[in-house]
There are 2 protein chains.
Amino acid sequence: MQSNLPHLQSIFTADCVIFGFSEGELKVLLIERNEYPFKEWWGLPGFFVEHNETIDDAVKRILLEHTGLKGIYMEQLYTFGDLQRHPQGRIITVAYYAMLRLEAIGNNLKPSTDYVRKAQWHPLNHLPDLAFDHKNIIEKSIEKIRRKVSHSPIAFELLPEKFTLTQLQQLYEAIWDKKLDKRNFRKKMLKYNILKELDEKQKGVSYRAAKLYKFDKRKYNKIFKNELNFSK
Amino acid sequence: MQSNLPHLQSIFTADCVIFGFSEGELKVLLIERNEYPFKEWWGLPGFFVEHNETIDDAVKRILLEHTGLKGIYMEQLYTFGDLQRHPQGRIITVAYYAMLRLEAIGNNLKPSTDYVRKAQWHPLNHLPDLAFDHKNIIEKSIEKIRRKVSHSPIAFELLPEKFTLTQLQQLYEAIWDKKLDKRNFRKKMLKYNILKELDEKQKGVSYRAAKLYKFDKRKYNKIFKNELNFSK
DNA sequence: AATATAGGGTGTATTTCTTACACTATTGCT
DNA sequence: AGCAATAGTGTAAGAAATACACCCTATATT
């Protein structure tokens with residue numbers, strides 16, 4: 001019962017703020033653009049979304065091409081559509097953020113497409129000038145993550161599979177940009193009972209080695225139908 | 001230093017879940033479509049976004065045309081881009097939700113455009129079948145609101161300017177779909193010190209009239225740089 | 001005038017969570 | 001043997017959350 005309809009096409013991009021964590025700092029993966037507009041500027045990895053792929057798939061493509069990894073944690077952040085944000089017309093961008101274990105890729109960052117000169121991790125607190133409205137997108141994404149880690153165990157996406165409680169605490173400290181009390185942090189975190197204590201210890205440190213833990217997704221799902229509260 | 005760039009146009013829609021609150025229930029404003037696709041189906045108010053307007057402006061336009069009101073509280077929710085969601089091609093929609101005081105418009109709902117046969121408030125818990133992926137959009141918006149009212153005073157957007165504590169409690173109960181304890185609710189709400197107790201009382205009730213309160217935005221901004229916690 | 005109805009308004013005791021805070025233990029290195 | 005560096009641990013006080021029941025007041029009814 002449908003009349004003849006024209007076929008319409010959307011033109012829009014997807015950009016992704018990719019977070020990593022190392023040396024006690026949050027890092028963002030930026031690319032140096034090899035194309036106009038903003039040639040030679042730093043910016044977020046992103047492409048035009050094809051007509052036959054979902055937005056999520058486009059972001060997975062971005063992630064794969066820039067990191068070589070599949071299955072990275074990602075979530076849609078916000079859609080930006082200011083009239084001035086793109087010199088080629090009002091091109092909206094659907095922004096995502098992603099989190100990965102930095103150890104998983106090491107320094108194997110190659111510019112994977114012609115659009116990109118090079119890719120590099122930048123500390124969140126020392127970002128260069130960025131193309132388009134990408135600075136704003138990064139700010140919004142860290143705000144969202146700050147809130148989200150309070151009730152959801154996404155922080156573990158940034159840690160190696162096996163980690164120490166100190167590493168976990170440092171991660172929360174980096175995300176919230178504030179110091180936490182060691183004893184209280186451990187008490188609270190262990191009480192949630194979502195960590196699995198391993199029989200292993202840290203290696204290669206020149207001091208007392210710490211116990212290693214894993215995030216126990218099964219326990220998490222069993223215990224928390226809904227949410228945690230890691231904040232404060 | 002920019003090469004000649006083609007001018008590009010995005011085609012996409014904005015849809016808005018408009019919430020109201022009356023008779024202890026959350027209501028959603030739906031329109032009966034007068035156009036293909038999904039002619040004669042219920043759906044969310046929404047339009048294509050013009051090339052010279054921001055997405056926010058497009059949503060303000062939707063709100064004005066359907067309610068006659070300006071300055072309605074609104075927020076971007078999510079961008080939906082499934083390949084199958086629109087029969088005319090992959091047309092993404094940027095979904096928003098909005099909240100308004102139902103008393104402000106009463107029953108003056110007129111179909112304001114040719115696209116719309118009629119507009120009507122529907123209880124959130126008894127929605128008809130909906131066009132496109134609009135059911136899904138509504139579900140996502142109520143989830144977001146459930147979370148958001150826990151740390152932000154947006155619930156007041158749904159109440160008349162002057163309201164009783166019972167009305168406020170009923171609103172939270174409707175949003176969370178659970179009963180709250182009267183004494184504990186009042187204790188907690190009043191302790192935040194963001195309500196202004198008025199010298200007025202409810203009128204037209206056949207029982208002891210309740211005190212009226214206002215949300216005091218100034219106090220709120222002064223006291224809470226960041227967030228509240230209304231939950232639980 | 002008396003009574004019924006319907007919702008308004010209030011306090012306390014218990015438990016749980018949050019916070020503040022400092023020392024001993026272990027390991028590798030010199 | 002001793003130093004350097006981080007791991008690991010408990011308690012007391014205050015704050016917040018929860019559970020819970022009765023009297024008050026305005027209007028409507030008889």
Side-chain angles (χ1 to χ4, degrees), chain A residues 21-25 149-151 159-160 162-174 176 178-214 223-224 226-232, chain B residues 21-25 149-151 159-160 162-174 176 178-214 223-224 226-232:
Chain A
F21 177 66
S22 66
E23 290 131 19
E25 276 187 318
V149 291
S150 300
H151 59 253
L159 290 178
K162 301 171 183 182
F163 52 84
T164 69
L165 291 178
T166 299
Q167 286 174 312
L168 184 59
Q169 180 178 342
Q170 284 167 346
L171 173 54
Y172 274 89
E173 288 176 342
W176 287 329
K178 79 174 182 197
K179 287 280 164 203
L180 302 172
D181 179 87
K182 183 158 79 161
R183 279 179 289 191
N184 292 341
F185 179 82
R186 286 167 180 236
K187 205 190 312 171
K188 186 164 188 175
M189 192 56 73
L190 291 174
K191 190 148 58 65
Y192 283 124
N193 199 29
I194 59 171
L195 297 184
K196 181 172 186 172
E197 186 180 329
L198 302 177
D199 285 333
E200 262 173 283
K201 295 203 166 180
Q202 236 179 350
K203 274 174 192 157
V205 291
S206 70
Y207 46 81
R208 177 174 175 182
K211 277 184 213 158
L212 291 170
Y213 291 80
K214 262 187 182 175
I223 301 173
F224 300 97
N226 302 311
E227 306 203 340
L228 303 185
N229 172 19
F230 293 135
S231 61
K232 286 175 192 171
Chain B
F21 177 67
S22 67
E23 292 132 18
E25 276 187 319
V149 292
S150 300
H151 59 254
L159 290 178
K162 301 171 183 182
F163 52 83
T164 69
L165 291 179
T166 298
Q167 285 174 312
L168 184 58
Q169 180 178 341
Q170 284 168 346
L171 174 53
Y172 274 89
E173 288 176 341
W176 287 329
K178 78 174 184 197
K179 286 279 164 205
L180 301 173
D181 179 87
K182 183 157 79 160
R183 281 178 288 191
N184 293 339
F185 180 82
R186 287 168 180 235
K187 204 190 313 173
K188 185 163 186 175
M189 194 55 74
L190 292 173
K191 191 147 58 65
Y192 284 125
N193 199 29
I194 58 171
L195 297 184
K196 183 172 185 172
E197 185 180 331
L198 302 177
D199 284 334
E200 260 174 285
K201 295 203 166 178
Q202 236 180 351
K203 274 173 192 158
V205 291
S206 71
Y207 45 81
R208 177 174 175 182
K211 278 184 212 157
L212 290 170
Y213 292 80
K214 261 187 182 176
I223 301 173
F224 300 96
N226 303 311
E227 306 201 341
L228 305 184
N229 173 18
F230 292 134
S231 60
K232 285 178 194 168

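None of the values given here were measured: they were computed from a predicted structure.
Side-chain N/O atoms of A:K211 and base N/O atoms of D:dG8 include no donor-acceptor pair closer than 3.5 Å.
Side chain of B:K187, nearest nucleotide from C:dG8, C:dA20, D:dA19: D:dA19.
Evaluation of the side chain to side chain contact (heavy atoms under 4.5 Å, CB included) rule for B:K182 yields B:Q169, B:R186 as partners, not counting sequence neighbours. Residues satisfying the salt bridge (Lys or Arg N to Asp or Glu O under 4.0 Å) criterion with A:K162, sequence neighbours excluded, are A:E200. Under the side chain to side chain contact (heavy atoms under 4.5 Å, CB included) criterion, A:S22 pairs with A:K27, A:L102, sequence neighbours left out. B:K187 meets the side chain to side chain contact (heavy atoms under 4.5 Å, CB included) test with B:N184; sequence neighbours excluded. Among residues two or more places apart in sequence or in another chain, the salt bridge (Lys or Arg N to Asp or Glu O under 4.0 Å) test is passed with B:K179 by B:E173. Residues satisfying the salt bridge (Lys or Arg N to Asp or Glu O under 4.0 Å) test with B:K201, not counting sequence neighbours, are none.
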Let me check something: any side-chain donor-acceptor pairs from residues 203-214 of chain B under 3.5 Å, sequence neighbours excluded? List them with distances.
residue, atom, partner, partner atom, Å
B:K211, NZ, B:E197, OE2, 3.2

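Rounded to whole Å, atom P of C:dT10 lies 16 Å from atom CE of B:M189. Here the C1' atom of nucleotide D:dA7 and the OH atom of A:Y213 are 10 Å apart, to the nearest Å. For the pair A:R186 CZ and D:dA7 P, the interatomic distance rounds to 7 Å; values are reported in whole Å. Put simply, CG on B:L180 is 14 Å from C1' on D:dA19, counting in whole angstrom units. Rounded to whole Å, atom P of D:dT18 lies 8 Å from atom NZ of B:K178. For the pair B:F185 CZ and D:dA16 P, the computed distance is 18 Å after rounding to whole Å. Taking atom NZ of residue A:K188 and atom P of nucleotide D:dT11, one finds them 21 Å apart after rounding to whole Å. Rounded to whole Å, the distance from CG on B:N184 to C1' on C:dT14 is 12 Å.
Note on B:R183: every side-chain N or O is 4.0 Å or more away from OP1 and OP2 of D:dA19. The side chain of B:K182 places no N or O atom within less than 4.0 Å of a non-bridging phosphate oxygen (OP1 or OP2) of C:dG9.
For A:Q202 and B:D181, each mapped to the nucleotide of DNA chain D holding its nearest heavy atom, the one lying further toward the 5' end belongs to A:Q202.
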Quick one, give me the B/S/- string for nucleotides 23-30 of chain C, reading 5' to 3', where B means a protein heavy atom under 4.0 Å from the base and S means that only happens at the primed atoms, P, OP1 or OP2.
-> --BBBSS-
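What you find for A:A174 and A:G24 is that their closest heavy atoms are CB-O, 3.7 Å.
Contacts with DNA chain C (heavy atom under 4.0 Å) in residues 162-171 of chain A: none are found.
Here the rule is side chain to side chain contact (heavy atoms under 4.5 Å, CB included) with B:L171, and of B:T166, B:V149, B:L159 only B:L159 fits it.
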